[in-house]
Colleague: 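Starting off with a structure, shown below.
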Amino acid sequence: MPTSKGSRALTLSTPLQYTKGVGPARAGAFARKGIVTLQDALYYFPRRYEDRRRLCQPQDLATLPEGIQVTVLARIERSREIPLRGRKQSLFELMVMGEKGDLLVCTWFHVFKGMKEKLVPGQWAIFQGALKKYRGAPQIVHPDVEVLQAKPDTNTMTSPVSLHWGRVVPIYSRSEKLSQKFIRETLFSCLETGLPLLRDLLPAPLREKYSLPGLAESLREMHFPQEMPRLEATTTDTLPPPVRRLIFEEFFKFQLVLLMDRAGIQPEPALPLRIKGRVAQTLRSAIPYKLTQAQERAIAEILGDLQKPEAMNRIVQGDVGSGKTLVALFTAAEVVENGFQVALMAPTEILAEQHFLTAQKIFAESGVDVALLTGSLPKAKKEEMQARIASGKAALVIGTHALIQEAVNWHKLSLVIVDEQHRFGVRQRVALKEKAVPGTFPHILTMTATPIPRSLALTVFGELDVSTIDELPPGRQDIATKVIRGGDRHKLYNLIRKEAADKKQSYIVYPLVSNSDKEGMEKIRSVEMEFERLQAEALAGLRLGMVHGQMPAEERTRIMRAFKDHEYDVLISTTVIEVGVDVPNATVIAVENAERFGLSQLHQLRGRVGRGAHKSYCVLVTDTPPPGVLPAQSENAEEGVLDESPWVRLMVLEKTRSGFEIAEHDLKIRGPGDFFGTKQSGSPSFQLADLSRDAQLLEVARQEAQEIFRRDPKLELPEHQELRKWFDLTLDEAAVTLKSG
Ligand code: ADP
Ligand code: MG
């Protein structure tokens, strides 16, 4: 059915390009900032505000210091064009006067089209820009100008007549294609269109109880506030009410998603174990070291759960290298000794294979049938494996998530171990039910190397059981970590050469596979391009391997294995090596464009080295400005707003090796999304909240969410209808992402 632009019903999920005044090109520029729909735009908040309510007159300027932003109301007296010798362009100069005859000079270094027609003597206009003094006289270079129909009466002016002056003006995060003026105007029309469509999902009684303003009002105030907002508040209470309300909403939605998720984890009947310990004993004699106390404690906690006739739901969090694999295998040992089956799932085939090799080794004397099932097995082999699993012969089965997704039939599945994941989502649990012995539910053990920040732990885990491995095996080497700029790359290459001469290996990690298909990513380095370059130049003579996620799985596995066997000195790769890969002979890891990664992810990558007895290094390369070097002021300071240098963020890794501390930093900067693996619909979560400031509000939101859930678990009451709708949407979209390399 043909639809015309006019007949399209506007909703909050309407793409921006269909709203008034935004064409496809500008919609594209917004999209690159992650703003696609009307809803996205409404939640695209200003970085700061400028108070432009006070208009200056030219006579005020004499006493003001240079460099400050001024908004001047004045009348154009005369203009002149000054040809510049030897240049095509002319200089354009405007003399403007205030009521008292004082002069302000406005200067442009070229004449824009239509300028001379627009800026004619006698006209009143607003001039906005950074104040300069030229030979003692006030001057603005390249000001923003808004020509007025008539001189406004500044004394009686109550409601602002412009978006750009005479009011508190929002300043958004900078973008090359989008001017502040344009963003502001777009946001204004988005508010006009979008606010009537908004439904406030915070129930009215709740808003009253905590004096929270309505959603529409809050969003309007966020973008075009009446008063200059005090955002530097150090307590939640002193924040402007609209901000407080939006933070409350972020927390409240977040808590509801958690509650909803937990509602799916009511205790289910499971096959209880009897602890025997014979298989575990063979494991103990197969490993050349003692388990750490933290490992022993985690194993004991897990085995405690498994003896109950109720399905376990436990997460083991332990820093990278803390020895979670052994905890998993010791647990599996008891389960198989009881005659049940265990599925151990890794996020990638490489990792599954590595776990399989480890398991095979330490179960060698136990008589336990350990099997590997991956997608890349030949068909016949795969069918044979499936038969072994269906008959119950294979007791410990290692693979990827395909183990519970595909047509694998289990004989007596009792424990599912999920490696390198924070959570096991609703849908995955549903899938599990079909794999279990009828009438029972498998025990679930998830293992994560990204510790959950302490400030989130209560909120995130709630009733979930947690084991924490807070101790590294003894004898671990320090990993010297350094942030360097691109110009110092030769030092990195020297280090790699030195280590290679000493028979050690290195990784270099890049954010992209290739540069070809990514517009605007020219400055970002890619595996394919750098592999060629390093091979030919900086690392010529060394044996270089390359691995990335777009390769066929067998190829990837082959190269990883070759690296493990020291057939390469250097592995050029994407983050496919992130999780769990264990090559004790590797001593250097470098990450290019390090600013593009989360701190926890970098910490994970760093964990690829320092696994043997050798001194190791982690080098983070970035071309973002080092601390102390301020971004250059542009002509128009308003456009010069740059984000704080990511360098400062990277330096956290130089200072600490504690995954917990690093996770706290990540949480502050990136929000909790990373700790959940879910993409929540609606607002971008925790855009405004700061957990160190707003922890109390989080707790309040948690209690209120629980209260609503207790009173109205299905959200059937009339005052919960907007919540219900939002919920259904979230359920649809919150398909928990399975991490895959
Ligand atoms: P992660 O917790 O990151 O998954 P792994 O299970 O891969 O860590 O263990 C990291 C390395 O530490 C492996 O080489 C493993 O053999 C070794 N390891 C595990 N436990 C101990 C221990 N108790 N003592 C010494 N080395 C250990
Ligand atoms: Mg691991």
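Counting convention: from 1, in listed order, for ligands and their atoms alike.
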Colleague: Out of all atoms in ligand 1, which are within 4.0 Å of some heavy atom of Leu291? Include the element for each.
Modeller: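 Heavy-atom distances to Leu291 below 4.0 Å select 23 (N).
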Colleague: List ligand 1 atoms under 4.0 Å from Leu326, heavy atoms only on the residue side.
Modeller: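 Those of ligand 1 that fall under 4.0 Å from Leu326 are 19 (C), 20 (N).
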Colleague: Run Glu528 and Val513 through side-chain contact (heavy atoms from CB on, under 4.5 Å) and show every step you take.
Modeller: CA-CA 6 Å; Glu528 285 180 346; Val513 174; 4.1 Å; yes
Colleague: For ligand 1, which atoms have a heavy atom of Val320 less than 4.0 angstrom away?
Modeller: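 In order of numbering, the contacting atoms are 3 (O).
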Colleague: Could you tell me the separation between the CZ atom of Arg525 and the CG atom of Asn593, rounded to the nearest 0.5 Å?
Modeller: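 The distance works out to 7.5 Å.
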Colleague: At a non-hydrogen distance cut-off of under 4.0 Å, which region of Thr292 contacts ligand 1 (side chain, backbone, both, or neither)?
Modeller: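 Both backbone and side chain of Thr292 come within 4.0 Å of ligand 1.
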Colleague: At what distance, to the nearest 0.5 angstrom, does CG of Leu306 lie from CZ of Phe340?
Modeller: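 These two atoms lie 10.5 Å from each other.
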Colleague: Tell me which one of Ala328, Pro473, Gly323, Ser322 gets a heavy atom nearest to atom 9 (O) of ligand 1.
Modeller: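 It is Gly323 whose heavy atom sits nearest to atom 9 (O) of ligand 1.
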Colleague: One residue to check: Met447. Relative to ligand 1, which of side chain, backbone, both or neither has a non-hydrogen atom less than 4.0 Å away?
Modeller: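 It is neither part, as no heavy atom is under 4.0 Å.
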Colleague: So do Thr325 and Met447 actually touch side chain to side chain, heavy atoms under 4.5 Å?
Modeller: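 A side-chain contact is absent here, since even the closest heavy-atom pair is not under 4.5 Å.
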Colleague: Does either side chain, that of Glu499 or that of Thr587, offer a donor lying less than 3.5 Å from an acceptor on the other one?
Modeller: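 A pair is found: one side chain offers a donor N or O, the other an acceptor, under 3.5 Å apart.
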Colleague: Using a strict 4.0 Å cut-off to heavy atoms of Lys290, name the atoms of ligand 1 that fall inside it.
Modeller: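 Heavy-atom distances to Lys290 below 4.0 Å select 22 (C), 23 (N), 24 (N).
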Colleague: Can you tell me if Asp419 and His355 form a side-chain donor-acceptor pair at under 3.5 Å?
Modeller: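 Yes, side-chain donor-acceptor contact under 3.5 Å.
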Colleague: Which of the atoms of ligand 1 are close to Thr325, meaning less than 4.0 Å from one of its heavy atoms?
Modeller: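 Taking each heavy atom of Thr325 in turn, ligand 1 has 4 (O), 5 (P), 6 (O), 7 (O) under 4.0 Å.
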